[in-house]
*Asks:* 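What follows is a single structure, and I will ask about it in a moment.
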Amino acid sequence: MPYIDPHTHMISRTTDDYEAMAAAGIVAVIEPAFWIGQARTNVGSYRDYLSHILGFERFRASQFGIQHYCCIGLNSKEANNEALAEDVMQILPEFASKEGVVAIGEIGFDEQTALEEKYFRLQLDLAREMDLPVMIHTPHRDKKRGASRSMDIIMEHRLAPQRVVIDHVNEETVREVKERGFWAAFSIYPHSKMTAPRMCEIVRQYGAGQLIVDSACDWGISDPLSVPKTAMLLAEQSISDNDVHRVTYANALTAYGQSGQMREADWATAAIDQRARYDGNTVLRGGQDPRVEADN
Amino acid sequence: MSTTTDVTQRITLLRDWLAHRLAAEQLAWIDEQCTRIATSPAGSALPVAIGLASRRTGKQPLMLSDEERAAAEAARPGLDTSAWSVEQVARILFVLASYAGAEDSFAARLGARVRSGEIGEQVALYHGLPLYPQAVSVLATAAEGIRSAVQPIYEAVAHRSPYPSEQFSEAMWNQMVVKALFIGSTLAPIQKLDERRNADLARMLVDYAHERWAAGRTVSAELWRCVGPFGDRYMDDLLRVFESPSNVERQSAALALSECPDPDALVVLESDPALWRNIRNGRLDWHTLKQA
Ligand SMILES: [Zn+2]
């Protein structure tokens, strides 16, 4: 079964991860722009980061047969550095208009400060201008209130809920997200956020209609195989194949496909295109033979 | 050399290609972007237009008619658009449009656009190298492309373009050729490959072959194309390849020997009369070798 992992920070992952993800059936990943673990001090490093996830990281993924897409945005933590935030806002339109950008994100609240709210709102306007979906990062602390507030603000800015994915949802927040018509994404972490067994319960209770599973894998303890592992567990718990397919593939494609930048044909038709070539051995080192995949 | 007149002429050339391939509203969008870019070359109009180009125009292959190709050749000798697509033409057009507004900052602006570009944008902007004014001033940006670890970007500079042979120093040229083999790319699409062969390049390539052989690996048969004229220094290597069980390798050694100044080369070639005949009558050359 093919899978999409719609929330991955591949810039912090190894080639072993890419190999394992491709072997497990992941055909496409989405890399939201986010904090990199250490605060950036100037717009130049932000610019290079955005270029990197849109450029070299996309190429690296393609060499393992994985299609790589991005979300562009200023994350909530760094929105608190006003000087940086102002400069980053200036360059976002340029990056948001690039190929392979499927949403503005991940944006939203961290500590729920006034500056976070200011740049959250400005980026919602940018999403409307650029006609892009939005990926919302819900805060880890005071999550319930932060999630509600995020959805209130999105509605104030007249964005259609079916064009917005609320991420890092849990048992506490899923009902409101679903009832208000948003996509609800669950980051399946080995220890925190959401776990696969809890996910099974949620799919049973709420149905697969608006739910999306992702790994949110980054530089912390996280598992880039969360999506296929969760799919297997769901199937073992007798969730129907169709529902498993929806939460681990189809819903993410529908939500982010609204950007016009992500189509099944991207990975289904051509095993090799100009960008996704296997014959270039640029991620290989001397002595390794490039892996060659047969055409679909 | 290139002047504002050239740029205007090239803008017209590219716009004509788009006019024959896009719907009226798409073309209107292109024109609107060009006006905005020319009015404010340092503003956000240029990066955003470059980004949106593929969404607005689609990415279909350009495929010039014979007539258009002739006009292109007249305007810019050596220009080869066979690997271009429509959105790439739009992106190059936008960069050229920014020249009208601010000539002296053109090279810096191009460099910034390339560095912030995703792969598709970089490929497009590098395809435009032969069309940019002040060819020397964009040399540093071209060199960055040759250093890229991303094969399509490397090839956008090196392949099917008159720019490298016109502008690259011998050192840059040699790096480019060796790198092609290193990243698994090919030499045949490099323009003026034969004209710019040199002794230093031949030595680098033979060293590279020795390194690969020592590791129990093979080298591309194309490598010997740049060694032939200096083959008198590398007769042992050419003989080794000539004796290879691989037909393509044997043929590549024969082609190299046919250009080799050492009189013994002829003796070797005459040991395989059928092969030697194919080379003399032009049935086998570096372009047909691949299919052999
Ligand atoms: Zn994240």
Side-chain angles (χ1 to χ4, degrees), chain A residues 31 43-44 46-63 68-70 72 89-102 126 129-132 259-261 265-266 272-292, chain B residues 33 42-59 61 83-85 87-88 91 94 112-124 127 144 147-156 159 179-186 208 211-212 214-218 220:
Chain A
E31 173 133 13
V43 68
Y46 221 101
R47 180 181 275 284
D48 289 344
Y49 166 76
L50 296 177
S51 298
H52 191 131
I53 62 174
L54 272 157
F56 189 64
E57 201 53 51
R58 181 132 66 112
F59 173 72
R60 211 163 71 99
S62 76
Q63 298 220 309
H68 182 279
Y69 305 89
C70 279
I72 292 296
M89 288 306 298
Q90 294 302 310
I91 66 168
L92 286 187
E94 158 190 336
F95 285 98
S97 55
K98 289 191 193 298
E99 273 176 45
V101 174
V102 295
L126 177 65
E129 263 168 53
M130 311 284 312
D131 201 22
L132 280 171
S259 63
Q261 290 295 294
D266 296 348
I272 297 168
D273 76 354
Q274 251 250 309
R275 194 163 300 149
R277 55 209 318 166
Y278 296 84
D279 53 348
N281 58 351
T282 43
V283 296
L284 306 172
R285 295 294 174 257
Q288 289 176 293
D289 280 315
R291 195 164 59 88
V292 179
Chain B
Q33 303 310 307
S44 63
L46 176 62
V48 172
I50 290 173
L52 292 178
S54 59
R55 301 179 195 211
R56 296 298 187 135
T57 67
K59 300 170 80 168
W84 292 23
S85 48
E87 100 285 358
Q88 295 178 348
R91 284 170 168 161
F94 294 149
R113 285 308 96 229
V114 168
R115 277 192 296 278
S116 292
E118 49 79 48
I119 294 171
E121 293 174 23
Q122 292 202 33
V123 168
H127 276 170
E144 271 179 56
R147 262 177 236 124
S148 174
V150 181
Q151 192 172 333
I153 293 176
Y154 166 88
E155 289 176 355
H159 284 178
K179 175 133 182 176
L181 299 176
F182 214 79
I183 64 172
S185 185
T186 51
Y208 172 67
E211 210 180 287
R212 298 272 297 185
R217 298 172 58 93
T218 56
S220 163

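This one's a predicted model, so the numbers in the text were calculated from it and none came from an experiment.
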*Asks:* If I measure from the heavy atoms of chain A, does B/Ser44 come under 4.5 Å with its side chain, its backbone, both, or neither?
*Replies:* neither

*Asks:* Looking only at heavy atoms and a cut-off of under 4.5 Å, which of A/Gln90, A/His52, A/Lys98 has the most pairs with chain B?
*Replies:* A/Lys98

*Asks:* Tell me the closest heavy-atom pair linking B/Ala149 and A/Phe56, and the distance in Å.
*Replies:* CB-CE1, 4.1 Å

*Asks:* For B/Ile119 and A/Gly55, work out which heavy atoms get closest and say how close.
*Replies:* CD1-O, 3.4 Å

*Asks:* Examine whether an atom of B/Arg56 lies under 4.5 Å from a heavy atom of chain A, and if so say whether it belongs to the side chain, the backbone or both; otherwise answer neither.
*Replies:* neither

*Asks:* Drop me the distance from B/Glu87's CD to A/Glu99's CD, to the nearest 0.5 angstrom.
*Replies:* 6.0 Å

*Asks:* Side chains of B/Arg55 and A/Gln261: does their closest heavy-atom pair fall under 4.5 Å?
*Replies:* yes

*Asks:* Decide whether A/Arg47 and B/Ser116 meet the rule of one side-chain donor and one side-chain acceptor closer than 3.5 Å.
*Replies:* yes

*Asks:* As an exercise, state the distance from CD of A/Glu94 to CG of B/Leu52, rounded to the nearest 0.5 Å.
*Replies:* 11.0 Å

